[in-house]
Amino acid sequence: MTLIPNASELKKGSAELMVLSLVEARARHGYEIAKRIEQLSDGALKFHAASLYPLLYRLEKRGWIQGRWHEQAGQRRRRMYRITPDGRKMLAAQRTGWETFVRAINRITRGEHA
Amino acid sequence: MPEWRPEIRRRLHAAGLRPEREAEIVDEIAQHLEDHYREQLAAGATAGDAELRAWAELDAGDRLARWVAHAERPAPSPQPAGVPPRRRWAAALWQDAKYVGRRLRQRPAFSLTAIVTVALVTGPATAVLGTIDAVFFRQPPGITQPHRLLLVQAMNRNAGGSYSPFAPAPWIIDAMVAASPTVTSMAGQASVTAGMAVGRDDGTDPIRRSGQAVQGNYFELLGIRMVAGRAIRPEDDAPPGGQTAVVLAAGVASDLYGAPESAVGKAILLNGVPFTVVGVADRAFRGTARLDDSSFWISGAATNQLRHLERQYWDRGPNRGYYLEFIARLNGAATPDQAVAELERAVKLAPDATDRTGIQLYPGLGAPASANPTGLRAVRMLLWAVGTLMLLGIANLANLLLSDAIRMTRDVVIRRALGASVARIAQFLIVQSLLIACAGAALGVLLALGLERWLADLSVYGLGEVRVPLDWRVAGAAAALTIGAGLAFGAAPVWWLTRRLPAAPNARGGAPRASGARHALAAVQVAVSMALVVSALLIVTSVRNLLSVEKGFDPAGVSRMSADLRNYGYTQPRMWTFYRELTRRLSEQPGIEAVGVALAPPLRFSYINRLSRPGAPADQRIEIITNIASTGYFDVFGIRATRGRLFDESASYVMGPPSEVVLTHSAARALFGDDDPIGQAVEQPGRTPLRYTVVGITPDIRSGGLSSAIEPAAYLPFSDGYATLGASVFVKSGRTVDEATRLIAATAAGLDRTVPLYGAESMDALIGKLAAEPRLIGRVLGLVSVIAVVLASVGLYGLVWQSVMERSRELGVRMAIGASRRHIAWLVGRRMLLVVLIGLAVGAGAAMLASRVLTSQFFGVSPGDPVILAAAAAGLAAIVAAAIARPLHHATTVDPVTVLRAE
């Protein structure tokens with residue numbers, strides 16, 4: 001059974017889901033990930049460096065993403081993150097769980113105000 | 001461009017990273033800040049603003065270091081797919097336990113109520129289990145295989161269901177053993193008491209101690225270890241007078257001689273007779289009954305010497321021995337019933353046996369519980385009380401947890417939606433119940449320890465001081481009970497949530513409230529409380545009636561004490577002289593208002609005479625319960641002659657047959673009808689009929705207990721012929737019982753220092769003992785009632801709160817559209833009123849049924865007493881009203897705007 005995480009777990013869980021989703025299609029660097037989250041959420045969600053990078057390191061430790069330094073001529077050195085096969089599996093599982101959860105919440109909240 | 005790296009490095013320092021890893025992270029975060037800075041500049045910020053905003057990305061304090069350190073810890077090893085189901089289950093259980101712990105911490109009022117409720121149930125239950133263990137199953141210590149032993153008595157059955165034990169001769173016992181394949185051996189024992197002193201001239205007064213006279217094979221049969229010396233042997237028991245050999249209890253030997261070893265070979269005085277200490281028994285062994293506290297063992301034959309019997313009485317004849325009780329050891333597979341049946345047949349081998357001769361089984365040792373009817377009665381009472389408490393506690397907790405489950409509905413709906421199985425949700429609920437049960441049980445054990453003293457009052461059932469040892473057996477039973485209770489009260493929310501709850505969330509979102517079940521449970525609580533309160537009030541009224549009953553005497557300030565003169569070799573005239581002299585000397589002591597001697601105190605007459613008018617036929621003889629008393633006895637108890645006179649001083653102590661009698665009103669009426677009894681003669685039949693002259697009439701007296709009917713009673717003067725029956729000295733004084741009995745003992749010592757006195761007691765204490773059983777039942781019922789009422793009040797309080805909370809939106813709307821407070825109170829309270837009314841009615845009926853069991857304990861009160869029923873109903877209703885007042889008040893003061901906004 002998937003237990004419902006409490007508030008902090010929820011936040012943590014959804015942040016992981018967001019990061020994994022953003023690096024699913026292509027590799028991105030930290031600043032780009034933070035900007036993307038801010039843009040896609042119309043500014044509702046913001047990640048500071050102080051929380052973003054620890055999250056990236058944790059995901060990397062778990063083997064779900066992989067970070068590599070990229071150096072290109074004329075540009076600054078950047079560390080790019082991409083999803084791993086394990087990360088893809090985790091992303092799929094988390095997406096399903098999240099969608100079920102959101103559906104459940106939606107049903108309840110719609111019902112309450114019906 | 002600001003220099004980012006030194007500051008980032010400083011902030012990361014506390015994370016304790018490897019230098020190369022730290023450098024990487026510093027680089028990466030510096031990049032991030034630089035990107036941010038550039039973007040701010042591009043958006044038109046000043047350099048200072050842009051830098052400030054970039055630094056804000058790192059947050060304040062040491063957060064960066066903490067989070068990075070946390071992220072850099074090795075990742076938890078993911079659970080491989082092949083984890084055994086048991087481990088996964090254990091992990092889920094642990095997860096549930098942690099979650100329950102958090103929930104309980106977050107709601108201290110709920111948790112405390114639940115835990116205290118469990119404690120109020122398991123505490124008394126544990127104490128009662130301990131008591132049952134102590135009364136029925138615990139064996140006396142120091143004995144080898146006590147469960148293979150039986151304590152039996154040879155007896156002749158009487159017509160009225162009573163029986164008279166007799167002491168078969170040793171050869172009959174041997175024949176019984178030979179004829180009973182299930183019994184391997186038998187040994188006799190008889191209780192004796194003796195004044196024990198080390199020596200006549202060592203300045204110590206003798207102390208009265210209890211002991212056993214035992215057959216020569218007694219210690220061998222029981223398998224008692226000797227600490228020093230030897231046991232009593234068959235040659236010590238050789239008739240007619242045996243050897244004056246004594247075995248001492250280890251504690252007594254140490255007290256008297258310093259150490260068990262030093263006691264052996266020493267002389268000791270028992271009732272003034274010199275005995276030789278031949279051995280000291282194992283410290284654990286104090287006798288074969290649970291409450292035995294034997295200090296010494298001698299042979300049965302030696303009791304002839306111990307009791308100063310004249311030699312002509314030493315020989316008991318060919319068929320009689322010294323022992324009224326026998327311990328029988330059973331062989332490996334025999335049951336007590338088999339052995340008793342065999343012995344029942346074998347005892348008929350006695351030459352003077354009749355078809356009424358048989359065997360009586362004694363409680364204790366290996367006897368089944370049924371051999372202890374008084375113990376069963378006490379235990380039944382306690383089990384009844386605890387059973388009711390359990391019922392109440394479980395109803396209360398079920399209600400409480402049901403309310404809690406309803407609060408959890410949304411949580412559970414989401415879990416179900418996320419795929420949680422019914423079993424998984426049930427597991428969580430059961431874990432919660434069990435955790436509450438365990439916490440409550442821990443508190444309950446403390447409560448049980450406190451109740452131990454309280455249960456010691458079971459001595460009124462002849463069970464003696466019951467120690468409740470909380471050993472592993474009792475603890476195990478209590479644990480089983482706790483788990484059982486946890487599952488029982490946890491079943492309600494499981495049943496409700498898993499059966500009643502749809503797998504998908506309710507379309508309207510509102511969860512069903514299970515209010516029918518909760519209201520029914522509340523009605524049960526009120527009903528049980530009502531039944532208990534009514535029963536308790538009936539018993540309390542009975543006790544009050546008992547204690548205030550017209551007794552026919554004044555017990556105030558009276559103390560008594562007895563002396564065991566017969567066993568000290570006193571002849572009849574010597575005993576009589578001792579008492580007369582003792583009362584005379586006591587009457588001269590300052591502060592003594594009156595002193596007298598008599599066979600028995602009021603309420604305890606035990607001597608029955610048959611009296612009639614002279615020459616009356618045998619069928620006109622009347623049984624008259626009689627006391628033998630000196631004049632002073634009447635003064636002590638404030639008993640006055642309503643006609644005629646009491647014994648005068650010269651007639652009060654008579655040598656030879658007495659000539660005067662004092663009758664109570666009932667006795668005078670029974671013997672003489674309306675005739676004037678004064679000066680009339682009454683006759684006591686016998687080989688030489690005795691004739692007494694009636695000199696006075698006294699008011700009736702309760703002679704056979706507080707609740708006994710008034711019986712015809714008579715007083716005869718204290719003559720030497722009755723002195724041997726064992727008299728008590730009574731004094732009335734302003735002194736405490738201790739002071740008064742010390743004075744009696746000191747005065748008696750002035751007459752004969754070798755005689756120990758015993759049985760010091762105040763008359764008030766004796767009266768207290770007579771009312772002890774209903775008083776104990778009243779106390780048990782009272783305690784259970786209080787707990788019941790508390791539980792019911794808490795239950796109703798919670799129920800009303802819950803109902804107010806659930807309906808707050810509705811109540812808010814109603815108030816917003818103009819409902820009055822009274823209307824709102826009625827809306828919420830009317831169901832509660834119904835619950836209470838049904839509960840009270842059912843409870844009153846249950847109390848009437850229950851009172852049938854207690855009828856024998858009622859005195860001067862009827863089970864259907866309307867005053868008691870009304871008082872109980874009014875009292876309970878008031879308590880319930882007080883309990884639900886706050887939530888009701890809350891309901892009427894709901895601010896519609898606040899409630900609706902919150903919704």
Side-chain angles (χ1 to χ4, degrees), chain A residues 1-6 9 12 16 29-35 38 46-64 67-71 75-81 86 89-90 96-114, chain B residues 8 11 15 21 24-25 27-36 38-39 54-61 63-76 78 92 95-96 99 102 410-411 413-421 423-425 427-428 504-510 903:
Chain A
M1 164 177 164
T2 315
L3 274 177
I4 298 169
N6 63 23
E9 283 168 345
K12 202 164 71 190
E16 287 175 1
H29 56 79
Y31 189 72
E32 191 183 358
I33 293 171
K35 286 308 292 178
E38 192 177 340
K46 273 185 182 169
F47 272 88
H48 279 182
S51 47
L52 176 70
Y53 287 95
L55 172 63
L56 290 172
Y57 301 153
R58 194 168 62 236
L59 296 179
E60 197 176 9
K61 276 271 171 202
R62 287 184 185 162
W64 296 347
R68 282 209 182 126
W69 289 101
H70 280 238
E71 292 187 52
Q75 283 191 16
R76 277 177 293 144
R77 192 170 88 114
R78 287 194 183 275
R79 192 168 166 82
M80 307 293 283
Y81 292 93
D86 274 356
K89 272 187 227 161
M90 188 46 62
T96 316
W98 179 258
E99 279 158 13
T100 317
F101 176 70
V102 169
R103 263 203 308 279
I105 296 286
N106 280 342
R107 270 205 300 264
I108 292 162
T109 46
R110 269 201 304 273
E112 265 312 83
H113 297 291
Chain B
I8 298 170
R11 293 205 189 190
R21 179 63 182 148
E24 265 194 334
I25 294 175
D27 259 4
E28 190 174 14
I29 295 178
Q31 287 282 358
H32 183 103
L33 298 191
E34 201 172 309
D35 285 344
H36 197 82
R38 283 175 195 273
E39 195 180 288
W55 283 125
E57 285 282 297
L58 292 187
D59 285 342
R63 196 172 293 169
L64 181 69
R66 273 193 292 120
W67 287 1
V68 168
H70 189 260
E72 290 289 296
R73 278 188 317 200
Q95 194 180 25
D96 280 353
Y99 185 37
R102 268 206 307 274
R410 194 170 301 182
D411 194 6
V413 167
I414 293 170
R415 286 175 178 217
R416 291 282 284 130
L418 291 176
S421 66
R424 186 71 177 80
I425 289 172
Q427 176 183 308
F428 170 79
N506 191 314
R508 292 184 51 213
E903 280 291 307

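Residue numbers start from 1 in every chain, and the chains themselves are labelled A, B, ... in the order their sequence lines are given, proteins ahead of strands.
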Participant: Counting heavy-atom pairs closer than 4.5 Å to chain B, which one of A:Tyr31, A:Tyr53, A:Trp69, A:Tyr57 comes out on top?
Facilitator: A:Tyr31
Participant: Does any non-hydrogen side-chain atom of B:Gln31 lie less than 4.5 Å from one of A:Arg79?
Facilitator: no
Participant: Are there over 12 heavy-atom neighbours, none belonging to B:His70, within less than 6.0 Å of that residue's NE2?
Facilitator: no
Participant: Contact between B:His32 and B:Asp35 at the side-chain level, heavy atoms closer than 4.5 Å - yes or no?
Facilitator: no
Participant: Please round to the nearest 0.5 Å and tell me the distance separating atom CG of B:Leu58 and atom NE2 of B:His36.
Facilitator: 10.5 Å
Participant: What part of A:Lys35 gets closer than 4.5 Å to chain B, counting heavy atoms only: side chain, backbone, both or neither?
Facilitator: side chain
Participant: Would you mind checking which part of B:Glu39 comes under 4.5 Å of any heavy atom in chain A, side chain (CB onward), backbone (N, CA, C, O), both or neither?
Facilitator: side chain
Participant: Identify which part of A:Arg78 has an atom lying under 4.5 Å from any heavy atom of chain B, answering side chain, backbone, both or neither.
Facilitator: side chain
